[in-house]
Amino acid sequence: MREIFGFLATVLGTMADPIIWIALPLGWRSKKIEQALVLGSCVGLFNLVIFILVTQPYRRVNIGEIAIYKIFAGALVAILGYITVRIVKGFQNRAERIGTIDQLIVALKNKIDPIDISADQFNTARDAADKVKQAIPEIGTMSVKGRMNAFLAVCRHLDNLLDEGELDQFEAQLALMLLRLESKAFSKAAVMFDLRAPRLDMRERAELPRVARGYLAGLEITTSNR
(Lines give C-alpha, C1' and ligand atoms only; values in the text may rest on other atoms or scores of the structure.)
Protein backbone atom coordinates (compact mmCIF):
# COMPACT_ATOMS: atom_id res chain seq x y z
CA MET A 1 0.00 0.00 0.00
CA ARG A 2 2.88 2.34 0.83
CA GLU A 3 4.34 1.74 -2.65
CA ILE A 4 1.02 2.62 -4.29
CA PHE A 5 0.72 5.87 -2.34
CA GLY A 6 4.31 6.67 -3.16
CA PHE A 7 3.67 6.07 -6.87
CA LEU A 8 0.55 8.25 -6.86
CA ALA A 9 2.37 11.01 -4.98
CA THR A 10 5.14 10.97 -7.56
CA VAL A 11 2.61 11.10 -10.40
CA LEU A 12 0.87 14.06 -8.80
CA GLY A 13 4.22 15.76 -8.41
CA THR A 14 4.93 15.11 -12.09
CA MET A 15 1.59 16.72 -12.96
CA ALA A 16 2.94 19.98 -11.55
CA ASP A 17 5.05 20.28 -14.69
CA PRO A 18 3.25 22.81 -16.97
CA ILE A 19 4.15 20.82 -20.10
CA ILE A 20 2.08 17.87 -18.88
CA TRP A 21 -1.02 20.09 -18.95
CA ILE A 22 -0.78 20.32 -22.71
CA ALA A 23 -2.65 17.02 -22.50
CA LEU A 24 -5.72 18.74 -21.01
CA PRO A 25 -7.00 20.47 -24.20
CA LEU A 26 -6.10 17.33 -26.16
CA GLY A 27 -8.39 15.41 -23.80
CA TRP A 28 -11.12 18.02 -24.35
CA ARG A 29 -11.03 17.43 -28.09
CA SER A 30 -10.81 13.64 -27.94
CA LYS A 31 -13.85 11.79 -29.26
CA LYS A 32 -13.06 8.57 -27.36
CA ILE A 33 -11.32 7.89 -24.07
CA GLU A 34 -8.81 5.68 -25.90
CA GLN A 35 -7.81 8.67 -28.03
CA ALA A 36 -7.36 10.76 -24.90
CA LEU A 37 -5.12 8.06 -23.41
CA VAL A 38 -2.91 7.92 -26.50
CA LEU A 39 -2.61 11.70 -26.81
CA GLY A 40 -1.90 12.09 -23.11
CA SER A 41 0.78 9.40 -23.26
CA CYS A 42 2.40 11.20 -26.21
CA VAL A 43 2.50 14.41 -24.18
CA GLY A 44 4.13 12.43 -21.37
CA LEU A 45 6.79 11.14 -23.78
CA PHE A 46 7.34 14.66 -25.10
CA ASN A 47 7.79 15.87 -21.54
CA LEU A 48 10.23 13.01 -20.94
CA VAL A 49 12.37 14.04 -23.92
CA ILE A 50 12.57 17.62 -22.65
CA PHE A 51 13.40 16.36 -19.17
CA ILE A 52 16.25 14.22 -20.51
CA LEU A 53 17.66 17.05 -22.62
CA VAL A 54 17.65 19.38 -19.64
CA THR A 55 18.94 17.03 -16.92
CA GLN A 56 21.13 14.47 -18.67
CA PRO A 57 24.19 16.72 -19.04
CA TYR A 58 24.21 17.30 -15.28
CA ARG A 59 23.21 14.05 -13.60
CA ARG A 60 22.29 10.45 -14.25
CA VAL A 61 18.60 9.57 -13.95
CA ASN A 62 16.55 6.40 -14.14
CA ILE A 63 14.94 7.04 -17.55
CA GLY A 64 12.64 4.03 -17.37
CA GLU A 65 11.16 5.04 -14.03
CA ILE A 66 10.78 8.67 -15.04
CA ALA A 67 9.11 7.58 -18.33
CA ILE A 68 6.44 5.65 -16.42
CA TYR A 69 5.62 8.68 -14.27
CA LYS A 70 5.55 11.07 -17.24
CA ILE A 71 3.36 8.83 -19.42
CA PHE A 72 0.98 8.05 -16.56
CA ALA A 73 0.68 11.74 -15.63
CA GLY A 74 0.04 12.79 -19.25
CA ALA A 75 -2.62 10.12 -19.70
CA LEU A 76 -4.27 11.09 -16.40
CA VAL A 77 -4.46 14.77 -17.35
CA ALA A 78 -5.90 13.92 -20.78
CA ILE A 79 -8.55 11.67 -19.22
CA LEU A 80 -9.37 14.47 -16.78
CA GLY A 81 -9.96 16.78 -19.74
CA TYR A 82 -12.05 14.17 -21.55
CA ILE A 83 -14.26 13.50 -18.52
CA THR A 84 -14.66 17.21 -17.72
CA VAL A 85 -15.97 17.97 -21.22
CA ARG A 86 -18.40 15.04 -21.04
CA ILE A 87 -19.75 16.24 -17.69
CA VAL A 88 -20.16 19.82 -18.95
CA LYS A 89 -21.89 18.63 -22.13
CA GLY A 90 -24.16 16.43 -20.05
CA PHE A 91 -25.33 19.43 -18.01
CA GLN A 92 -25.69 21.57 -21.14
CA ASN A 93 -27.74 18.95 -22.95
CA ARG A 94 -29.84 18.01 -19.96
CA ALA A 95 -33.44 19.08 -20.39
CA GLU A 96 -36.68 18.08 -18.77
CA ARG A 97 -38.03 14.91 -20.30
CA ILE A 98 -41.37 15.48 -22.00
CA GLY A 99 -43.52 12.67 -20.70
CA THR A 100 -47.05 13.73 -21.65
CA ILE A 101 -48.89 15.38 -24.51
CA ASP A 102 -49.72 18.32 -22.25
CA GLN A 103 -46.00 18.88 -21.57
CA LEU A 104 -45.33 18.75 -25.30
CA ILE A 105 -47.99 21.38 -25.98
CA VAL A 106 -46.48 23.66 -23.34
CA ALA A 107 -42.98 23.14 -24.76
CA LEU A 108 -44.26 24.06 -28.21
CA LYS A 109 -46.12 27.08 -26.80
CA ASN A 110 -49.52 25.78 -27.88
CA LYS A 111 -48.52 25.55 -31.55
CA ILE A 112 -50.22 22.15 -31.92
CA ASP A 113 -53.73 20.96 -31.20
CA PRO A 114 -53.89 18.07 -28.68
CA ILE A 115 -56.54 16.33 -30.78
CA ASP A 116 -53.96 15.90 -33.55
CA ILE A 117 -51.95 13.44 -31.44
CA SER A 118 -53.35 10.34 -29.77
CA ALA A 119 -51.95 8.95 -26.53
CA ASP A 120 -50.73 5.83 -28.36
CA GLN A 121 -48.91 7.90 -30.98
CA PHE A 122 -47.22 10.01 -28.32
CA ASN A 123 -46.16 6.98 -26.28
CA THR A 124 -44.74 5.27 -29.37
CA ALA A 125 -42.80 8.39 -30.33
CA ARG A 126 -41.65 8.80 -26.72
CA ASP A 127 -40.23 5.26 -26.64
CA ALA A 128 -38.51 5.77 -30.00
CA ALA A 129 -36.95 9.05 -28.88
CA ASP A 130 -35.61 7.39 -25.72
CA LYS A 131 -34.00 4.63 -27.79
CA VAL A 132 -32.45 6.97 -30.33
CA LYS A 133 -31.29 9.62 -27.84
CA GLN A 134 -28.52 7.31 -26.63
CA ALA A 135 -27.18 7.02 -30.18
CA ILE A 136 -26.88 10.72 -31.07
CA PRO A 137 -23.31 11.13 -32.38
CA GLU A 138 -20.93 13.94 -31.47
CA ILE A 139 -21.72 17.08 -33.49
CA GLY A 140 -18.22 18.55 -33.20
CA THR A 141 -17.35 22.18 -32.60
CA MET A 142 -19.03 24.42 -35.17
CA SER A 143 -18.86 21.51 -37.62
CA VAL A 144 -21.35 21.62 -40.49
CA LYS A 145 -20.53 18.07 -41.50
CA GLY A 146 -20.68 16.80 -37.92
CA ARG A 147 -24.11 18.31 -37.33
CA MET A 148 -25.53 17.11 -40.63
CA ASN A 149 -24.18 13.62 -40.00
CA ALA A 150 -25.65 13.58 -36.49
CA PHE A 151 -29.12 14.50 -37.77
CA LEU A 152 -28.98 11.91 -40.54
CA ALA A 153 -27.69 9.23 -38.15
CA VAL A 154 -30.72 9.78 -35.91
CA CYS A 155 -33.02 9.58 -38.94
CA ARG A 156 -31.40 6.28 -39.98
CA HIS A 157 -32.08 4.87 -36.51
CA LEU A 158 -35.71 5.90 -36.87
CA ASP A 159 -35.78 4.35 -40.35
CA ASN A 160 -34.73 1.07 -38.75
CA LEU A 161 -37.61 1.33 -36.28
CA LEU A 162 -39.92 2.01 -39.23
CA ASP A 163 -38.67 -1.12 -40.95
CA GLU A 164 -39.25 -3.13 -37.78
CA GLY A 165 -42.84 -1.85 -37.58
CA GLU A 166 -42.31 -0.16 -34.22
CA LEU A 167 -43.65 3.20 -35.41
CA ASP A 168 -45.03 4.99 -38.46
CA GLN A 169 -43.81 8.10 -40.29
CA PHE A 170 -45.92 10.49 -38.19
CA GLU A 171 -44.59 8.98 -34.95
CA ALA A 172 -41.03 9.20 -36.31
CA GLN A 173 -41.50 12.93 -36.97
CA LEU A 174 -42.92 13.32 -33.48
CA ALA A 175 -39.85 11.54 -32.08
CA LEU A 176 -37.63 14.05 -33.93
CA MET A 177 -39.63 16.86 -32.36
CA LEU A 178 -39.11 15.42 -28.87
CA LEU A 179 -35.39 15.00 -29.45
CA ARG A 180 -35.10 18.55 -30.72
CA LEU A 181 -36.79 19.88 -27.60
CA GLU A 182 -34.80 17.73 -25.17
CA SER A 183 -31.28 17.63 -26.62
CA LYS A 184 -29.33 20.82 -27.30
CA ALA A 185 -26.84 18.87 -29.39
CA PHE A 186 -29.57 17.41 -31.58
CA SER A 187 -31.32 20.77 -31.77
CA LYS A 188 -28.12 22.25 -33.24
CA ALA A 189 -27.92 19.35 -35.69
CA ALA A 190 -31.55 19.89 -36.74
CA VAL A 191 -31.00 23.62 -37.24
CA MET A 192 -28.06 22.85 -39.53
CA PHE A 193 -30.23 20.42 -41.51
CA ASP A 194 -32.94 23.09 -41.74
CA LEU A 195 -30.41 25.48 -43.28
CA ARG A 196 -28.64 23.09 -45.64
CA ALA A 197 -31.24 20.54 -46.72
CA PRO A 198 -33.47 22.85 -48.84
CA ARG A 199 -30.46 23.41 -51.13
CA LEU A 200 -29.96 19.70 -51.84
CA ASP A 201 -30.56 18.57 -55.41
CA MET A 202 -32.92 15.74 -56.39
CA ARG A 203 -30.23 13.05 -56.28
CA GLU A 204 -29.06 14.12 -52.81
CA ARG A 205 -32.63 14.22 -51.55
CA ALA A 206 -33.27 10.71 -52.85
CA GLU A 207 -30.29 9.47 -50.84
CA LEU A 208 -31.62 10.88 -47.56
CA PRO A 209 -33.15 8.52 -44.97
CA ARG A 210 -36.94 8.30 -45.32
CA VAL A 211 -37.51 10.08 -42.01
CA ALA A 212 -35.21 12.91 -43.14
CA ARG A 213 -37.13 13.21 -46.43
CA GLY A 214 -40.40 13.40 -44.53
CA TYR A 215 -38.95 16.03 -42.21
CA LEU A 216 -37.67 18.07 -45.15
CA ALA A 217 -41.05 17.90 -46.91
CA GLY A 218 -42.76 19.23 -43.80
CA LEU A 219 -40.12 21.93 -43.41
CA GLU A 220 -40.63 23.18 -46.96
CA ILE A 221 -44.40 23.19 -46.60
CA THR A 222 -44.11 25.22 -43.39
CA THR A 223 -41.67 27.64 -45.01
CA SER A 224 -43.87 28.18 -48.08
CA ASN A 225 -46.90 28.94 -45.87
CA ARG A 226 -45.15 31.76 -44.01
Side-chain angles (χ1 to χ4, degrees), residues 31 83-200 205 207-226:
K31 294 183 178 180
I83 292 174
T84 301
V85 166
R86 280 359 182 229
I87 292 174
V88 171
K89 286 186 176 180
F91 279 111
Q92 288 177 341
N93 291 332
R94 186 172 62 182
E96 183 178 353
R97 184 177 182 274
I98 298 172
T100 66
I101 296 177
D102 288 341
Q103 289 177 339
L104 176 62
I105 292 171
V106 172
L108 292 174
K109 299 179 181 178
N110 298 312
K111 291 181 180 178
I112 61 172
D113 192 324
I115 65 173
D116 292 334
I117 304 173
S118 71
D120 287 341
Q121 287 174 323
F122 177 84
N123 291 334
T124 299
R126 177 69 273 166
D127 291 342
D130 289 338
K131 291 178 181 178
V132 175
K133 185 182 293 185
Q134 307 305 318
I136 299 176
E138 292 287 334
I139 63 172
T141 304
M142 300 299 291
S143 170
V144 173
K145 183 177 180 181
R147 296 183 182 193
M148 287 289 288
N149 287 342
F151 183 86
L152 295 177
V154 168
C155 289
R156 291 189 192 97
H157 279 291
L158 292 172
D159 272 10
N160 291 336
L161 296 179
L162 278 172
D163 293 338
E164 294 166 5
E166 294 191 27
L167 76 173
D168 58 28
Q169 183 67 239
F170 175 79
E171 291 159 349
Q173 299 303 320
L174 186 55
L176 286 179
M177 185 185 300
L178 291 170
L179 289 171
R180 186 164 183 166
L181 291 169
E182 295 175 352
S183 168
K184 288 186 178 180
F186 183 73
S187 178
K188 292 176 181 178
V191 168
M192 185 58 67
F193 184 84
D194 292 353
L195 295 173
R196 307 276 297 189
R199 290 180 274 174
L200 298 177
R205 290 177 181 234
E207 294 174 351
L208 291 173
R210 282 173 294 161
V211 172
R213 293 200 301 269
Y215 178 90
L216 178 55
L219 174 66
E220 291 180 327
I221 291 173
T222 301
T223 303
S224 65
N225 289 338
R226 287 178 182 174

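All of these numbers come straight from a predicted model, not from anything done at the bench. Keep in mind that the numbers below use all heavy atoms, side chains included, and drop hydrogens, waters and symmetry copies.
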Check whether any side-chain heavy atom of [X] lies under 4.5 Å from a side-chain heavy atom of [Y], and answer yes or no.
X: Arg180; Y: Val191; result: yes
X: Met192; Y: Ile139; result: no
X: Ser183; Y: Ile136; result: yes
X: Phe151; Y: Val211; result: no

Does [X] reach the main-chain N or O of [Y] with its side chain, forming a donor-acceptor pair under 3.5 Å?
X: Gln173; Y: Phe170; value: no
X: Glu166; Y: Ala128; value: no
X: Arg147; Y: Ser187; value: no

Sequence neighbours excluded, every pair satisfying side-chain hydrogen bond (donor to acceptor under 3.5 Å, both in side chains) that has a member inside residues 154-164
Asp163-Arg210
Check Leu158 against Val132 and note the closest heavy-atom contact, atom names and distance.
CD2-CG2, 3.7 Å
Nearest heavy-atom approach of Leu179 to Ala129 is CD2-O, 3.5 Å
Sequence-distant partners of Asp127, side-chain hydrogen bond (donor to acceptor under 3.5 Å, both in side chains), two or more places apart
none
Applying salt bridge (Lys or Arg N to Asp or Glu O under 4.0 Å), can you list everything that pairs with Asp130, at least two apart in sequence or on another chain?
Arg97, Arg126
With side-chain contact (heavy atoms from CB on, under 4.5 Å) as the criterion, how do Phe193 and Leu208 come out once you've worked through the C-alpha distance, each side chain's angles and the decisive distance to 0.1 Å?
CA-CA 11 Å; Phe193 184 84; Leu208 291 173; 4.2 Å; yes
Does CZ belonging to Arg196 count more than 12 external heavy atoms closer than 6.0 Å?
no
As an exercise, state the distance from [atom1] of [X] to [atom2] of [Y], rounded to the nearest 0.5 Å.
X: Leu174; Y: Thr124; atom1: CG; atom2: OG1; result: 9.5 Å
X: Leu162; Y: Leu167; atom1: CG; atom2: CG; result: 4.5 Å
X: Leu176; Y: Phe186; atom1: CG; atom2: CZ; result: 5.0 Å
X: Ile117; Y: Asn123; atom1: CD1; atom2: CG; result: 11.5 Å
X: Ser143; Y: Lys188; atom1: OG; atom2: NZ; result: 12.0 Å
X: Lys131; Y: Leu161; atom1: NZ; atom2: CG; result: 6.0 Å

